[in-house]
Number of protein chains: 2
Amino acid sequence: MLGTLRDIRLFVSVYEERSFTLAAQRENATQSGVSQHVRNLETAFGVRLFIRDKRRIAPTPAGDAYYRRAIDVLRAHDAASRTVQAYAAGQDGQIVVGLMPTMTRCTLAPALARFVDAHPNVKVHVTEGYSAALTQMVRAGEVDFAIVPAFADSAGLKSRLLLRTPELFVAAASGAHLPGPIRLADRGKLKLVLPSAVNTRRGTLETYCATVGADIARTIELDTMFGTLDFVARGDWVTILPALMLDGDATSGFDVNPIANPSLTLDLVLIEPARRTLAPAAAIFLDLLEQEARRISAVWEQAYQES
Amino acid sequence: MLGTLRDIRLFVSVYEERSFTLAAQRENATQSGVSQHVRNLETAFGVRLFIRDKRRIAPTPAGDAYYRRAIDVLRAHDAASRTVQAYAAGQDGQIVVGLMPTMTRCTLAPALARFVDAHPNVKVHVTEGYSAALTQMVRAGEVDFAIVPAFADSAGLKSRLLLRTPELFVAAASGAHLPGPIRLADRGKLKLVLPSAVNTRRGTLETYCATVGADIARTIELDTMFGTLDFVARGDWVTILPALMLDGDATSGFDVNPIANPSLTLDLVLIEPARRTLAPAAAIFLDLLEQEARRISAVWEQAYQES
DNA sequence: AGTGGGGTATCCGATTTTCTGATGCGGTTG
DNA sequence: CAACCGCATCAGAAAATCGGATACCCCACT
């Protein structure tokens with residue numbers, strides 16, 4: 001018939017990578033083979049799927065349409081395989097998860113504790129990283145899922161909004177701390193610790209500061225959460241962090257306030273490989289993560305509502 | 001990976017026929033081959049899919065479960081194939097076209113609708129812009145062709161006259177509108193909306209007004225067609241627009257008259273990169289654009305002849 | 001009990017498909 | 001202009017698929 005699973009899988013890789021060569025690498029094949037498979041599809045259907053113009057290739061309308069359906073085929077096949085494998089004896093469950101530091105700071109530990117308790121023979125592997133690296137891993141199918149900040153390019157990914165968590169103003173404990181929402185513009189000259197440009201939150205934070213007319217006296221870039229907290233704790237620098245990172249004990253030594261007028265929030269997004277379905281164990285672990293995240297975030301949202 | 005489409009298809013046949021032999025017949029294969037494919041699946045998954053007991057075979061629970069998912073795979077594959085085959089007709093490739101607002105207002109939509117219908121697998125990219133920008137793009141080879149007002153400098157361009165369309169006098173609907181050609185000089189003091197100097201038509205219009213001795217009380221410069229129409233519709237300002245922009249519904253709310261003694265027209269010119277020939281798909285699209293433009297323009301030329 | 005028939009598994013050579021490395025071609029870059 | 005990058009194409013090698021022959025099993029019938 002028209003189009004084998006391998007044809008489809010390679011086509012999908014090419015579509016997502018926008019490159020025959022990169023697709024070949026991802027699929028452990030040669031560029032030549034990939035080219036032939038795509039050509040097979042094209043001649044079988046009598047339709048060009050990619051425009052080989054210039055340096056880059058672009059999908060044709062037919063390519064776009066086929067991709068959407070091709071994903072369904074791969075997902076269905078994946079679901080079928082997983083289903084039947086559940087009947088096999090001695091399945092060695094393993095899940096690989098990518099998390100941004102926001103998630104690993106306070107959320108991961110309690111979720112993980114509950115999970116290993118309930119499912120002792122599932123092997124859990126957690127990788128910490130920033131959105132770019134995690135997104136790449138998801139695309140390559142190296143992780144079951146990842147949790148990253150909301151971002152633009154979702155080619156090859158299945159994504160859904162997981163949680164919206166408030167961003168909080170964090171300063172060293174002053175002794176005279178008033179809880180409750182504050183406005184950035186009211187805090188006078190700010191010496192602000194920001195993530196670098198590789199971090200998705202950087203753009204959001206800068207836009208926000210400009211919008212509300214915050215008075216930024218100085219900024220430094222730190223891409224380490226531990227370092228940031230430590231730096232803020234011992235000086236007159238301040239920073240802005242997602243509420244998820246500030247559960248319970250984590251706030252001792254700091255004055256923390258919600259940011260209001262307008263509110264500033266961070267959207268966490270779940271991403272999975274578009275061509276795969278979530279393994280049962282991974283789904284359970286995700287659910288636990290989500291529960292913990294909501295619990296932690298809810299505390300601050302409540303503080304926020306009371307304003 | 002585990003399980004090719006052929007494996008799955010043969011498995012489904014066996015499941016439905018409850019027989020390897022009958023399945024082989026149905027799929028135009030040999031019993032031997034069918035057996036091998038099913039065994040492939042079973043060894044790959046490590047699960048028996050059928051119980052070969054007694055005279056008849058029966059699916060195992062795993063077989064039942066796999067069957068349900070397997071159908072989804074085949075359906076998804078079928079849907080994907082059908083979807084992409086719908087793009088098989090017509091040309092393929094990519095065309096990039098630059099058009100001035102005069103063309104995009106009324107002409108583009110019907111031509112585009114006809115084109116994508118007949119050639120679903122051509123990726124069409126239309127850029128709107130004024131003559132200077134479009135000319136630049138043609139010179140750089142970034143577009144297949146562009147349609148602009150007639151202009152002087154044609155170095156590096158292949159150009160031909162596409163269409164001469166009347167310029168029309170446009171005012172807000174007054175309730176007492178007389179159709180038919182008018183002379184600008186007869187309309188008393190004019191509050192006239194003009195394009196700015198970057199627009200090629202500006203010079204033509206100014207020269208014309210001076211030539212016929214029109215009484216221009218005031219002018220403002222608007223380089224937005226949407227804005228111009230809206231502004232004229234709600235006040236006592238008037239403007240002059242190419243007939244191409246005033247097809248059918250577009251004239252409701254306005255009093256529109258051809259301009260006579262002498263006539264005032266706009267020449268639209270097709271320009272292409274001199275070093276390239278027009279791609280077949282681009283030629284077809286151009287032809288449709290030209291047809292629509294002539295159709296729209298013809299209505300007003302007729303009104304003009306009758307004078 | 002022996003035999004025949006329907007049905008599946010397995011083996012093996014032939015065929016077909018798929019993969020790979022080399023090479024060519026067009027476009028881009030320095 | 002040369003070097004480079006990326007895709008297409010080709011031919012030989014490797015792998016898979018296929019198809020016929022055969023072995024095996026269970027059951028029914030004699």
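So that the names make sense, note that chain A is the first sequence line, chain B the second, and so on, each numbered from 1.
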Walk along nucleotides 9-24 of chain D from 5' to 3' and tag each nucleotide B, S or - by protein heavy-atom contact under 4.0 Å, base first, then sugar-phosphate.
BB-------BBB----
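- The residues B:R69 and B:D72 are annotated as not salt-bridged, no charged nitrogen and carboxylate oxygen being separated by less than 4.0 angstrom.
- In this structure, CZ of A:R9 is placed 14 Å from P of C:dT18, rounded to the nearest angstrom.
- Going from atom CG of A:L5 over to atom P of C:dT18 covers 12 Å, rounded to whole Å.
- Take B:R68 and apply the salt bridge (Lys or Arg N to Asp or Glu O under 4.0 Å) test, not counting sequence neighbours, and it matches no residue.
- In this structure, the CG atom of A:L49 is 11 Å from the P atom of D:dA8, given to the nearest Å.
- Using a cutoff of 4.0 Å between basic side-chain nitrogens and carboxylate oxygens, A:R276 and A:E272 are not scored as salt-bridged.
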Name each donor-acceptor pair under 3.5 Å that joins a side chain in residues 29-36 of chain B to protein atoms two or more places apart or in another chain, with its distance.
{"unit_1": "B:T30", "atom_1": "OG1", "unit_2": "B:G33", "atom_2": "N", "d": "3.2"}
{"unit_1": "B:S32", "atom_1": "OG", "unit_2": "B:Q36", "atom_2": "NE2", "d": "3.0"}

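- Salt bridge absent: A:E17 and A:R139 never bring a charged side-chain N and a carboxylate O closer than 4.0 Å.
- Taking atom CD on A:Q25 and atom C1' on D:dC7, their separation rounds to 14 Å, with Å as the unit.
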Might you list the N or O atoms of the protein lying below 3.5 Å from N or O atoms in nucleotides 25-30 of chain C, with each pair's distance?
none

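- For A:E42, the side-chain contact (heavy atoms from CB on, under 4.5 Å) partners are A:V38, A:R48, A:L49, A:R52, not counting sequence neighbours.
- A tilted orientation is assigned to the rings of A:F50 and A:F11, their planes being inclined by 30° to 60°.
- Aromatic pair B:Y87/A:Y66: ring centres not closer than 6.0 Å.
- Rounded to an integer number of Å, the gap from A:L22 CG to D:dC7 P is 8 Å.
- Protein atom CZ of B:F20 is 14 Å distant from nucleotide atom C1' of D:dC25, rounded to whole Å.
- The phosphate of C:dG7 has neither OP1 nor OP2 within less than 4.0 Å of any side-chain N or O from B:R52.
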Acceptor/donor pairs from residues 95-104 of chain A side chains to any protein atom, 3.5 angstrom cut, sequence neighbours excluded:
{"unit_1": "A:T104", "atom_1": "OG1", "unit_2": "A:P101", "atom_2": "O", "d": "3.0"}
{"unit_1": "A:T104", "atom_1": "OG1", "unit_2": "A:E128", "atom_2": "OE1", "d": "2.6"}

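- The CD atom of B:E42 sits 11 Å away from the C1' atom of C:dA9 (whole-angstrom rounding).
- To the nearest angstrom, C1' of D:dC7 lies 17 Å from CZ of A:F11.
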